[in-house]
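Quick notes on the structure that follows.
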Amino acid sequence: MNRGMSRIEALPATGTRCSRGTPGWRVLPIAAGVMFASTAWAQSSASGENAATAGNVVVAPQLPAVVVAGQLETQTGTGPVSGYVALQSTAGTKTDTPLIKTPQNVSVVTRDQMDIQDVQSVAQALRYTSGINPEQRGTNTDSLEYLYARGFLVDEYWNGLRTPGPSGGFGFNVTSFDPYMFERIELLHGPASVLYGQGSPGGTVNLVSKMPTAEPLHEVGFQTGSYGRLQGFFDLSGPLDKDGKLLYRLTADGFNTGTQTDYVNQQRFAIAPTLTWRPTEDTTLTVFASYQADPEAGIYNFVPVVGTIQTGVAQLPRSFYPGEPTFDSFRKTQESIGYELDHRLNDVWSFKQNYRFLHNSQTVQYVADDLGYVNNGTELAREAYLNSGRLNSHTVDNQAIARFNTGPVSHQATVGIDYQNIQFDHVFFASADDNVPSLSITNPQYGQSIPYPTFMLGTSNKQSIKQLGTYAQDQLDIDRWSFLLGVREDWTNEDSQSYKTGATTAQFNRAFTWRAGGVYQFDSGIAPYVSYSKSFQPQVGSTFSGQSFNPTTGEQYEVGVKFQPKGYNSFVTVSAFHLTQQNVLTTDPVNVNFQVQTGEVRSQGFEAEAHASLTNNLQLIASYTYTNLLTTQSNTNNLDKVPVGIPRNTASLWADYLLTSGPLSGLQLGAGVRYIGGSYGDTANSLLTSSATVIDLAVRYDLGRSVFNLQGWTASLNVSNLLDRYYMASCSGGSCNWGQGRLLLAGLKYQW
């Protein structure tokens, strides 16, 4: 078969979206590109018509395979992608923009990639993405999404609107999501305050929900696996009326499972109904809601450095639980409702408004080994904690977009105003140091009486955070050049009241951020780019003199090359960056119980990522990250040291192959290898964790194409960390997080 061609195999029509491993009109991505066969063609085939024609594509249902002139799959920045190669995104500009025209590194994890790898958390979905350390918290990434990009804790956005996360200082009220609800997960590398306001300098993760489809889509399945896992899910979508003006989607997932840690279980139920109304060609209104409950949200406890990666006492097994099963619990719920309105006013102007209300609540109580060893290193001294909190968040983003030309220059200008209002309150209790019984590490006796924590720590408070931002952006195209210019002004108010003392504090901050970048596209598909961007992030608290802290600021220089070869379904990004965060808190050298903002952290490095369909049946993902992170200004012992938990080198490679002929037709085999470099486990850099290389496997079998001829059925088997490699995901302050050991999942799915 020639490059620039695609093969469409005629199979019984189902009306579902075309995808590898999906029944219906099957489209196999090759180096030339990926093509879609429309539902209309499938319907004409089912009604007995000889052929259907659209443009230069002709489909003859009677033939087993037809070779036709091909074109790249038509994509949008928020819609589905067949295979692994995304070419459009909204994460880097808030508009539907080709990745090759975005002068900043953007990574996209597609639904097809998440399906074949059978990811169980947002963190797992990002395992094969460059520039990010997604599993620093070890095994519990389902409920505690602590994601680090370019060395910094990142912010998460959901359909372009900010969600309260760990970087905002919301304690255990970390918004977390079931990945089955998403069409794609995107990472914008580096600062993004000019788009989103206050945020991390390291990057932004944007979660894009599954949206209603015009073609009927039906999927239901279940799976089981390690630690007694039981899981069921369904995804239903399509029109609710004959005219296709009202569409729906209903997606749900639920599971119950044990974990690699003794006495720790996880339970979840999540459901997301969505309705789209299209009264005219120019107007679309989508209303969405979601509910997610985690009655058992997994483990929070750490394990000590000594007895795991350091000797001195008896070696602790990976399954060892330092807490108290009869006392410990971790519960979370989150609900949301919102809408997205798009309206085209005329040929130049369009308007978009996004709104979401989000409510989170959580309660965690646990016994932790925070006090070290006693009785000659045979027992762990422990302390009991309780944290309970609630959070309400209103977020809205208004955008006016104009598309016009000035001579040879085409513009896509965006002006916007966004606002967020977050109300958060929590209480934090701890027991007295000598009230909790210790635990033997060689013969642990659980079921001991744990006194209820009564001492309220100073962090128990209620907070109000408000932010108003206005921004303007222009995307200019002239000949082979694409330029991006953006400016933004933000106003933030943060009020806090301590439940312990009743004292109140109030802070007001104002910040101006901007960015600029340019891309030049050669005929070969090579596109070098350069960009500069800034960020800011408010800091709660004050100095010894009572002066409120200023926001930390970040600035980044990035250069790179993007490569989208003509006639090939592939996309490659290579980037180098220099990023500095200033106004970082460090100890006051005069008043050591207070802090000043004279610290600075520098991050510089290199990232490479490739997504490609190498042949008619072979797909590939490859990534490499080098991060040189350093504390360049500080008043403590971390000066000229590497911050904890960030590996200098990470790399990954994933490939899968689909058999399309012979007795095993429909069998898809995938394998991946991940390298996680060692990271420092203390601020003085005296403790270094070991690196680890883990192997993942995937097998998926379309039973409708097998000898069993079970149309619509797909069986799957996934194994992560195949060789059961023992490793620490990270360490800090004398405690560590185990990495995930071998995990096996087997499933069966039906689509119609």
Side-chain angles (χ1 to χ4, degrees), residues 114 116-121 123-128 133-144 179 223-231 255-266 298-311 314-322 441-442 444 621 623 645 647 649-656 669-679 681 688-700 715-731 735-747:
M114 288 186 270
I116 186 63
Q117 294 176 348
D118 199 7
V119 300
Q120 299 299 309
S121 67
Q124 289 183 14
L126 293 164
R127 282 173 167 173
Y128 287 86
N133 181 23
E135 296 183 284
Q136 194 194 63
R137 294 301 293 252
T139 57
N140 192 7
T141 58
D142 299 74
S143 303
L144 294 171
Q223 66 179 7
T224 185
S226 301
Y227 312 112
R229 188 180 191 93
L230 293 175
Q231 182 170 3
F255 61 80
N256 179 65
T257 182
T259 68
Q260 70 179 29
T261 306
D262 291 341
Y263 306 104
V264 176
N265 299 316
Q266 288 181 293
I299 185 173
Y300 179 77
N301 305 67
F302 303 92
V303 292
V305 169
V306 178
T308 54
I309 62 174
Q310 287 185 344
T311 59
Q315 190 71 17
L316 298 176
R318 188 170 57 186
S319 60
F320 178 80
Y321 183 57
I441 62 175
T442 57
I621 304 170
S623 72
N649 292 280
T650 60
S652 63
L653 177 65
W654 174 273
D656 77 76
L669 303 174
V673 58
R674 294 177 282 126
Y675 171 79
I676 305 106
S679 62
L688 180 65
T689 65
S690 299
S691 62
T693 301
V694 297
I695 297 172
D696 305 321
L697 291 181
V699 179
R700 187 164 63 175
S716 64
L717 176 67
N718 287 79
V719 186
S720 60
N721 194 357
L722 175 68
L723 303 181
D724 201 22
R725 177 76 159 85
Y726 278 58
Y727 69 100
M728 283 297 176
S730 68
C731 294
S735 299
C736 298
N737 298 286
W738 282 111
Q740 177 64 58
R742 182 191 296 119
L743 184 66
L744 184 148
L745 299 172

TODO: Report the C-alpha separation of Ile441 and Leu316 in whole Å, then their side-chain angles, then the decisive distance to 0.1 Å, and conclude whether the side chain to side chain contact (heavy atoms under 4.5 Å, CB included) test is met.
DONE: CA-CA 7 Å; Ile441 62 175; Leu316 298 176; 3.6 Å; yes

Task: Worked check of side chain to side chain contact (heavy atoms under 4.5 Å, CB included) between Thr257 and Gln231 - done: CA-CA 8 Å; Thr257 182; Gln231 182 170 3; over 6 Å; no

Task: side chain to side chain contact (heavy atoms under 4.5 Å, CB included) between Arg700 and Asp656, intermediate numbers included - done: CA-CA 10 Å; Arg700 187 164 63 175; Asp656 77 76; over 6 Å; no

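In this structure, Tyr128 OH and Gln117 CD are separated by 6.0 Å, a value rounded to the nearest 0.5 Å. The OG1 atom of Thr650 sits 11.0 Å away from the CZ atom of Arg674 when rounded to the nearest 0.5 Å. Taking CD1 of Ile116 as the reference point, atom CG of Asn718 lies at 6.5 Å (rounded to 0.5 Å).
Ile695 has its side chain out of reach of Val719: every pair of non-hydrogen atoms, C-beta onward, lies at least 4.5 Å apart. Side chains of Leu745 and Gln120 form a contact here, defined as non-hydrogen atoms less than 4.5 Å apart. With contacts defined as side-chain heavy-atom distances shorter than 4.5 Å, the pair Ser720/Arg127 qualifies. Proximity of Leu743 to Arg229: side-chain heavy atoms (C-beta onward) are nowhere separated by under 4.5 Å. Taking 4.5 Å as the limit, every side-chain heavy atom of Gln740 sits out of range of all side-chain heavy atoms of Gln124.
Of the listed residues (Thr308, Thr261, Asp724), just one forms a side-chain hydrogen bond (donor to acceptor under 3.5 Å, both in side chains) with Arg318, and that residue is Asp724.
Closest of all the heavy-atom pairs between Ser652 and Ser623 is OG-OG, 2.6 Å. Ala729 and Gln136 make their closest contact through CB-O, 3.7 Å (heavy atoms, listed as atom of the first residue, atom of the second, distance). Residue Gly645 comes nearest to Ser730 through the heavy atom pair CA-CB, 4.2 Å, listed as atom of the first residue, atom of the second, then distance. Nearest heavy atom pair, residue Ile309 against residue Cys731, reads CD1-SG, 3.7 Å. Here the shortest heavy-atom pairing between Phe320 and Val303 reads O-CG1, 4.4 Å. The heavy-atom pair separating Cys736 from Met728 by the smallest distance is CB-SD, 3.5 Å.
Of the possible donor and acceptor atoms, none in the side chain of Asn737 sits under 3.5 Å from a partner among the backbone N and O of Phe302. A donor-acceptor pair under 3.5 Å is absent between the side-chain atoms of Asn133 and the main chain of Pro647, judged by distance alone. Side chain of Thr693 to main chain of Tyr675: no donor-acceptor pair is present (N/O by atom type, distance under 3.5 Å, no hydrogens or angles). Panel note: side chain Gln260, backbone Gly739; a donor-acceptor pair is recorded below 3.5 Å. In this structure, Thr689 contributes its side chain and Ser679 its backbone to a donor-acceptor pair below 3.5 Å.
Counted by atom type alone, Asn721 and Tyr727 present zero donor-acceptor pairs between their side chains at under 3.5 Å.
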